[in-house]
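Every chain is numbered from 1, with letters handed out A, B, ... down the list of sequences.
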Number of protein chains: 2
Amino acid sequence: MTSRKDIRHILLYGVCLAVLIFTLKWLQWKVLILDNAVDVYVGLIAVFFTVLGVWMARQLVRTRVKTIVIEKEIIINNTEQATVNETELKKLNLSAREYEVLQLLTKGHSNAEIASHLYLSVSTIKTHVSNLFVKMDVKSRTQAIEKSKRLKIIH
Amino acid sequence: MTSRKDIRHILLYGVCLAVLIFTLKWLQWKVLILDNAVDVYVGLIAVFFTVLGVWMARQLVRTRVKTIVIEKEIIINNTEQATVNETELKKLNLSAREYEVLQLLTKGHSNAEIASHLYLSVSTIKTHVSNLFVKMDVKSRTQAIEKSKRLKIIH
DNA sequence: CCCGTATTCATACTTTAGTACCAATCTGTA
DNA sequence: TACAGATTGGTACTAAAGTATGAATACGGG
């Protein structure tokens, strides 16, 4: 990938090179290059171009940052049952009162407690509970609780 | 941070430089450097040291590794109770048999069913259940089920 | 207005759950 | 070995749950 920045750097390098060449030419005519000064001359050029190369490379490399993305999985345990399984609930075809009774039943309340909570007689609760058992296809309140939790039809 | 690798590179660079200097010296004495050949000579040195500098820089700097950790939230709807709340369970101080009975009780089984399942008499189950109620501070099996589910001490 | 369903309540009964008290056996620990 | 706790089982009793049946009332749709 040759970005606009790279091209700019290459152009800059070209300009620097040109300037140096002209400087050398000028030095060649103006100052006499002595025979024993060639070493120093060559050394200066070597150092200069080495530094230039290093600087160039650093500039170019700076844009080449290797980014490693590590996806850290955070497991969120959604334990609480927020939603009621409406589908299963409708299948049972429970009446409003029966569902009310079921909700209190699953909370561990006795028939007497449910009766006083709903301002009804124990007889009425027993009737509702019996009808519940038939509709839910269970034989005891404990089974009703187990099935309710399993089908997720209560909170 | 100057690693052993960096030192090796610097030494290599020194050696290259020394070799080049000697080569130049050799050329200086062996082949006559013509006046108009100085440009070519300087150019070669410039190119060589630029490449050397780039190479050096690349070796020293290498690629910068930027590590970005992205936390990805994964919601796992863990409906089923995978782990038992051991802390709450130990608080209740239930015996092994009592816990066995509790597990079957919460599944909606009757005393008779639990008895036949564990090859025990109904009397024994009644005793265990009564002791369970005292330890769990409840008054009925439905309350025991509710509390067990709430404290997450059963599967 | 009639019909089906929901809701309420009652009585009588059976079954199950739960309590109280006792006792034998087993088991790990001081 | 003695002892506390666990496990098993029994009897007798009370309380609650569950079944069966009947009946009155309310309420919405055809």
**Asked** Excluding sequence neighbours, so at least two apart, what forms side chain to side chain donor-acceptor pair (under 3.5 Å) with Glu98(B)?
**Response** Ser95(B), Lys135(B)
**Asked** Got a second to check how far Lys90(A)'s NZ is from Glu88(A)'s CD, nearest 0.5 Å?
**Response** 12.5 Å
**Request:** Work out which heavy atom in Leu102(A) is nearest to a heavy atom in Ser148(A); give both atom names and the distance.
**Result:** CD1-OG, 3.6 Å
**Request:** Could I get the full list of side-chain contact (heavy atoms from CB on, under 4.5 Å) partners for Thr142(B), not counting sequence neighbours?
**Result:** Arg141(A), Thr142(A), Ile145(A), Ser140(B)
**Request:** Indicate if Leu104(A) and Val122(A) have the same hydrophobic cluster label, given that clusters are the connected sets of ILVMFWY residues with side-chain heavy-atom separations under 4.5 angstrom.
**Result:** no
**Request:** Could you tell me the separation between the CD atom of Gln103(A) and the NE2 atom of His109(A), rounded to the nearest 0.5 Å?
**Result:** 11.0 Å
**Prompt:** Does the side chain of Ile154(B) reach to within under 4.5 Å of the side chain of Lys107(B), using non-hydrogen atoms?
**Reply:** no
**Complete:** Leu132(A) atom CG is separated from dA17(D) atom C1', nearest whole Å, by 14 Å
**Prompt:** Between atom OG of Ser130(B) and atom CD1 of Ile125(B), what is the distance when rounded to the nearest 0.5 Å?
**Reply:** 11.5 Å
**Request:** First locate atom NE2 of His128(B), then atom CG of Leu120(B), and finally report the distance between them rounded to the nearest 0.5 Å.
**Result:** 6.0 Å
**Message:** What residues from residues 137-147 of chain B pass a heavy-atom cutoff of under 4.0 Å to DNA chain C?
**Reply:** Ser140(B), Arg141(B)
**Thr106(B) vs Glu146(A) side-chain heavy atoms within contact, under 4.5 Å** = no
**Asked** Can you name the salt bridge (charged side-chain N to carboxylate O under 4.0 Å, His left out) partners of Glu113(A), sequence neighbours left out?
**Response** none
Produce the list of close N/O pairs, under 3.5 Å, pairing protein atoms with atoms of nucleotides 28-30 of chain D; give distances to one decimal.
none

**Asked** What residues form a salt bridge (charged side-chain N to carboxylate O under 4.0 Å, His left out) with Lys139(B), not counting sequence neighbours?
**Response** none
**Complete:** Here the pair of heavy atoms bringing Asn111(B) nearest to Lys126(B) is ND2-CG, 4.1 Å
**Asked** Between residues 109-131 of chain B and DNA chain D, which residues have a heavy-atom gap below 4.0 Å?
**Response** Leu120(B), Ser121(B), Ser123(B), Thr124(B), Thr127(B), His128(B)
**Complete:** What residues 89-108 of chain A contributes to the DNA chain C interface at heavy-atom separation below 4.0 Å is Ser95(A), Ala96(A), Arg97(A)
**Item:** Side chain proximity check, Leu118(A) to Arg97(A), heavy atoms < 4.5 angstrom
**Value:** yes
**Item:** Relative orientation of the end axes in the helix from dC1(C)-dG30(D) to dA30(C)-dT1(D), expressed as an angle to the nearest 10° (five pairs per end)
**Value:** 50°
**Asked** Can you tell if the side chain of Leu151(B) reaches within under 4.5 Å of the side chain of Asn85(B), non-hydrogen atoms only?
**Response** no
**Item:** side-chain contact (heavy atoms from CB on, under 4.5 Å) involving Leu92(B) - partner list, sequence neighbours excluded
**Value:** Leu94(B), Met136(B), Ile153(B)
**Item:** With Ser121(B) via side-chain contact (heavy atoms from CB on, under 4.5 Å) - residues at least two apart
**Value:** Ser123(B), Thr124(B)
I'd like a list of close polar pairs between nucleotides 27-30 of chain C and the protein, N/O only, cut-off under 3.5 Å.
none

